[in-house]
Student: 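Take a look at this one; I'll ask things after.
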Amino acid sequence: MYGVEIKTSEKLTEVSESLYGLFFEDINRAGDGGLYAELLRNRAFDDGIVPNGCRYDPATKTVVSPTGWVTSFDCCEQEGVAGWEARNGAEFSLTDRETLNDARKRALTIRFGGGTVVNLGFGGIPVEKGKSYRFYMFAKSEEAVKVSVFFNGGEKRRVFEISGDYKKYECELTADVTDNNAELALFSESAAAVTLGFTSLFPKDTFMGRENGMRRSLAERLVKLRPAFLRFPGGCVVEGFSKDTVWRFADTIGPVWERRPHWLLWSYMTTNGLGFHEYLQFCEDLGIAAMYVLNCGMTCQGRCPDYFDRTLTEELYNDAVCAILYATAPADTEWGAKRAENGHAEPFSCLKYIEIGNENYGEEYFKRYESFYRRLKERFPQFTYISTDHTETVGLPTECVDEHFYSDPVFFVTNSDRYDSLDRNGPDIYCGEYAATVGCREGTLYGALGEAAFLTGAERNQDKVKMVSYAPLFKNVGYVSWEPDLIAFDGSRDHVIPSYHVLEMFAGSRGDYVCGHSVFTESSRRIESGCFSCGGTVSDGNVFNLRFGSRVSVRFWDKQRDGEDQDRYEWTVENGISKIVHYNGWSTEVICKDTPCELSADNSAELFAEGDRFRITLNGRVLHEQVIKPVPDLTGVCTVDIAEGVVFTKLVNFSAKEIFVKISCDVQMEDKARHTGVEPKPVFTGIFPPILRQPHSTYASMPSFGFLVLTKICSVKTAMHPTANEFEVIFVS
Ligand code: AHR
């Protein structure tokens, strides 16, 4: 039996206005060539500069950080000039002498001699007939050299006479034809040397028409999600993997050609054109809150961490303070004046949240968090501060904790009740990064259903779970380092994955309060199979016997997969404490409470695991015995919109079968349903069948692996083809 009982008269909690937001990180080339509308690849010729302190290994095309982290350094930057080609006899070379300014480490010296030099963009430069593009370059030449600029294949050209020291040469280019694979070409008859210090090409038609702004189509994708906030700039890019790869605010403001570039740990360079100011401006343009994530004195803890000394940590603290002052101080102060100079005299009132670190944890983090938190809170009390570990557990002041989940869909469904038992006196929760990853790299409907089920739990508990954001947001299909991603794009096109539709539906149906609701469901067993393993011994079957001394670690129900796809349970005994943890993707679940246990010198244990039940016996005594929580077929949440008299009922059918859900309500429901969508076949259309219809209840048929959002004038959308179907069901109070 499946059902939902809705009690509109029971008010569980107010809806959190800030619940659905965005997390943007420059990963998968989401910045330059992506959301940040720059069209030229390697516009400053610095792709391929090895980060300070790191060693490049040409044999493996990797860089090795000072602490030993090895990572890919292979975007053809070491051969030729990434993104640029010399043709028809033109020659060019990179130089590190006489660069445009101190931030620029390289320039490009060209001898055209009747040939051309082209920029290939990020897999082609997309241009549209009749549209205008802003081009500029900083160039110099000892002789007077005429250089023409045009889209390859197009008729229109602009000619510049380059002479003397670096000057900015700029023009608008209009495309004669639509071409998603165009190139920007420079040509000269002269063989005299011309040196380029920095170049740029932007469509004029950016989001809100901003120069140095965002690609309109991608920004509009974000608008449709009705976000309440934007978390930026990372993610791991905030942390870096070495001192030189840490994000620093001060490198990201001012004229873009004066900004120091930054090697992102996702294996490419950014020119930092998408900087602190642009992020804030984007938040303001979207009318949403800004959440700034800062580095608190360490590199990524998953990548051979470097814990910075006091001096460098203080430098980063000051960088954070300057960033906040830049955003908020009046224009007649030092940092406020810089902001005004950059075109925004008024403080950015959108800055609301400060996150101290990203995915940092443990002792080293706690120390730094405390020092940053106490000082920042005293100086800037107006912000909500977010920690990245449960800092309250070690007695530190904690306002909100950012939790991240990357797991399989089943993990998400079974954790849809995760927040039901949250300590109401504890800190708020921000689920800052979540995605069904394991088995879902392409972004699947199955994954989206798992996430949707999890979000019903977040919604039910939005008195404490204040914010959520999917991660990552974007990928350029030509440069993928992490999947799945909510929105995929190339130069001119983009598409979204089912998880996007979940957010579009969920964020589009909010209400004022979460009302009482009970969901009745059948469930299925969670555990399918897996073996035992311990210290190199792997065995199948139901029982695993072992002897051990003072510590032990046994894996069971182990699917024998590694890293991001891992799925196993692990029993450990260390320092007299017995723990059972489920590792799934990058997420963990504590299965039993930590249990103190007395060990002898020679311990004998038996681990029995059958079906979804396990039992551990230590020295003849049962230590743990448990059944793993099953997977509910149906999950859901209900909210009420008072002004509209609407009940939003979000239901997720995670099972592989079609189910009939009895929906009953303490107010009378109308029996009309209107189908406003197109093919494929809707979940139901027209009038509820009379047999099923009663004043206070009705039935909805839910397809296998499907979900509904029901509202008064309410949409019933199916995840099978979420944009294609829309239904209206009228609930009358
Ligand atoms: O979203 C991709 C990465 O996952 C983020 O950079 C990091 O915070 C997490 O590990």
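Just follow the structure's listing: the first ligand is 1, and inside any ligand the first atom is 1. Scope of the values below: all heavy atoms of this structure, side chains included, with no hydrogens, waters or symmetry mates.
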Student: Please say whether Tyr406 places an N or O atom under 3.5 Å from an N or O atom belonging to ligand 1.
Tutor: yes
Student: Taking only heavy atoms of Glu359, which atoms of ligand 1 are found under 4.0 Å from at least one of them?
Tutor: 7 (C), 8 (O), 9 (C), 10 (O)
Student: Where does Asn358 meet ligand 1, judged by heavy-atom distances below 4.0 Å: at the side chain, the backbone, both, or neither?
Tutor: side chain
Student: Would you check the N or O atoms of Cys236, main chain and side chain alike, for any that come under 3.5 Å of an N or O of ligand 1?
Tutor: yes
Student: Are Lys377 and Tyr385 in a cation-pi contact, defined as NZ or CZ under 6.0 Å from the six-membered ring centre and within 45° of the axis?
Tutor: no
Student: List the closest protein heavy-atom neighbour of atom 6 (O) of ligand 1: residue, atom name, distance to the nearest 0.1 Å.
Tutor: Glu25 OE1, 2.6 Å
Student: Is any side-chain heavy atom of Thr270 less than 4.5 Å from a side-chain heavy atom of Asp32?
Tutor: yes
Student: Under 4.0 Å, heavy-atom basis, I'd like to know which part of Trp482 is in contact with ligand 1: side chain, backbone, both or neither.
Tutor: side chain
Student: One thing to verify: whether Glu314 and Arg375 come together as a salt bridge, which I'm taking to mean a side-chain N less than 4.0 angstrom from a carboxylate O.
Tutor: yes
Student: Output yes when the distance from some N or O of ligand 1 to some N or O of Glu433 is under 3.5 Å, and no in every other case.
Tutor: yes
Student: I want to check a possible cation-pi pair here: Arg29 against Tyr479, using under 6.0 Å from ring centre and within 45° of the ring axis as the test.
Tutor: yes
Student: Atoms of ligand 1 less than 4.0 Å from Trp266 heavy atoms?
Tutor: 3 (C), 6 (O)
Student: Tell me whether the count of non-hydrogen atoms from other residues, nucleotides or ligands lying under 6.0 Å of CD in Glu363 goes above 12.
Tutor: no
Student: Decide whether Gln566 and Arg555 meet the rule of one side-chain donor and one side-chain acceptor closer than 3.5 Å.
Tutor: no
Student: Run the numbers for me: atoms of ligand 1, each under 4.0 Å from some heavy atom of Gly235, listed by number.
Tutor: 5 (C), 6 (O), 8 (O)
Student: Contact between ligand 1 and Pro472 is defined here as a heavy atom of the residue under 4.0 Å from a ligand atom; is it met?
Tutor: yes
Student: Going by atom types only, do Arg231 and Asn358 share a side-chain donor-acceptor pair under 3.5 Å?
Tutor: yes
Student: Run the salt-bridge test on Glu370 and Arg368 with the 4.0 Å N-O cut-off and return the result as yes or no.
Tutor: no
Student: Taking N or O atoms only and a 3.5 Å limit, does His404 qualify as a polar contact for ligand 1?
Tutor: no
